[in-house]
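Because only heavy atoms are used, hydrogens play no part in the values below, and waters and symmetry mates are left out as well, while side chains stay in. Numbering starts at 1 and runs along the sequence shown.
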Amino acid sequence: MESHGSTPRSRVETGKVWVDPASLPHHGHASYIGGNTPDYVKQLNYNTFMCYGVGEEDCFGYKVGKAVRFTEVNVNRKLERQGRLEATTIAEIEVTKHMLNGAGMLHGGCVAYLIDNTPLVVLGLIQNVNGVGVTQSMNVLFHSPAPQGTCLQIISTSVTLGGRVMSSRCEILDRETGRMIASAFLSKMQPAASKL
């Protein structure tokens, strides 16, 4: 892998399109993050978000991504789903001026960017499979506007993780009032080495 500050690449040269979160550059300490997952999972999830969700200073979404603060990372066994594991990440961010549209409300493109942070990396780390993928589809419902100063709570939960296709759901809430800002379902996939 490349050094800190460089854009990471998957291991196409070996024919293995698997991004190992442990091989990514270290980005600060994630010790402030709550939840029931081991500290190394929280750290590797944060490293993955910083490398792929945020990127370098001139990347799209850098300023927004740097302001996202994970507060919890959890994995629970769901009895109603035959004991399958479910990962949930909770993050927060305050809506600032550069996140607004012309009407002074949170931009829909920014909402999509915030939703694209998924808990699949966490579940993959726990199950020792690849949870890092590229977004294949995203279905977003916009419920209410969020003006500048709104503190958003982003709750993302895994739905499926298997083979090349994986999915998650997300809700963005006003943390203070509980008002739903947006909800979404997204699917990701492992790209074929020949397409990279």
Side-chain angles (χ1 to χ4, degrees), residues 1-55 59 61 65 68-92 113-138 154-171 184-196:
M1 277 294 137
E2 298 180 14
S3 63
H4 180 74
S6 298
T7 304
R9 296 178 310 192
S10 46
R11 299 179 184 173
V12 178
E13 61 276 5
T14 63
K16 185 177 184 185
V17 187
W18 151 244
V19 176
D20 182 359
S23 69
L24 298 175
H26 183 79
H27 286 273
H29 291 284
S31 57
Y32 67 88
I33 301 172
N36 67 6
T37 58
D39 288 344
Y40 83 92
V41 171
K42 295 171 187 174
Q43 185 65 60
L44 295 181
N45 179 63
Y46 184 69
N47 292 348
T48 305
F49 173 73
M50 291 301 291
C51 286
Y52 288 96
V54 178
C59 290
V68 170
R69 185 174 191 275
F70 286 91
T71 59
E72 285 187 49
V73 177
N74 292 295
V75 174
N76 294 298
R77 195 166 294 283
K78 304 305 275 185
L79 296 178
E80 64 274 15
R81 294 185 65 208
Q82 288 76 43
R84 290 181 186 231
L85 291 176
E86 180 180 272
T88 300
T89 60
I90 301 175
E92 295 179 355
Y113 172 73
L114 294 171
I115 286 168
D116 205 24
N117 154 45
T118 69
L120 298 166
V121 172
V122 173
L123 189 57
L125 288 165
I126 295 294
Q127 295 182 337
N128 198 30
V129 296
N130 187 6
V132 182
V134 295
T135 302
Q136 183 179 31
S137 68
M138 183 185 296
I154 307 152
I155 305 169
S156 301
T157 306
S158 63
V159 176
T160 62
L161 176 62
R164 287 187 59 210
V165 180
M166 52 194 124
S167 59
S168 63
R169 62 184 184 274
C170 180
E171 293 181 340
F185 183 87
L186 64 152
S187 65
K188 289 185 171 270
M189 65 179 296
Q190 298 304 320
S194 62
K195 300 204 177 193
L196 294 177

For a 4.5 angstrom cut-off between non-hydrogen side-chain atoms, does [X] reach [Y]?
X: Cys170; Y: Ile154; answer: yes
X: Ser156; Y: Ser168; answer: no
X: Ile155; Y: Thr88; answer: yes
X: Gln127; Y: Leu123; answer: yes
X: Arg84; Y: Lys78; answer: no
X: Asn117; Y: Phe70; answer: yes
X: Tyr46; Y: Val73; answer: no

What are the two closest non-hydrogen atoms of [X] and [Y], and how far apart are they?
X: Ala22; Y: Leu44; result: CA-CD2, 3.7 Å
X: His27; Y: Asn47; result: N-OD1, 3.0 Å
X: Gly35; Y: Asn74; result: CA-OD1, 3.1 Å
X: Ala87; Y: Val122; result: CB-CG1, 4.0 Å
X: Lys188; Y: Thr118; result: CE-CG2, 3.3 Å
X: Ala91; Y: Val68; result: CB-CG1, 3.8 Å

May I ask you to decide if [Y]'s main-chain N or O and [X]'s side chain share a donor-acceptor pair within less than 3.5 Å?
X: Asn76; Y: Glu86; answer: no
X: Gln190; Y: Val132; answer: yes
X: Gln43; Y: Gly28; answer: yes
X: Asn36; Y: Val75; answer: yes
X: Arg77; Y: Gly83; answer: yes

Out of curiosity, [X] [atom1] to [Y] [atom2], how far, rounded to the nearest 0.5 Å?
X: Met166; Y: Asn130; atom1: CE; atom2: CG; answer: 5.5 Å
X: Thr48; Y: Leu125; atom1: OG1; atom2: CG; answer: 6.5 Å
X: Arg69; Y: Ile90; atom1: CZ; atom2: CD1; answer: 12.5 Å
X: Thr135; Y: Ile115; atom1: OG1; atom2: CD1; answer: 10.5 Å
X: Lys42; Y: Tyr32; atom1: NZ; atom2: OH; answer: 11.0 Å

The test is side chain to side chain contact (heavy atoms under 4.5 Å, CB included); show your working for Phe185 and Val159 and say whether it passes.
CA-CA 9 Å; Phe185 183 87; Val159 176; 4.0 Å; yes
Would you kindly say whether Thr160 and Ser167 are connected by a side-chain donor-acceptor distance under 3.5 Å?
yes
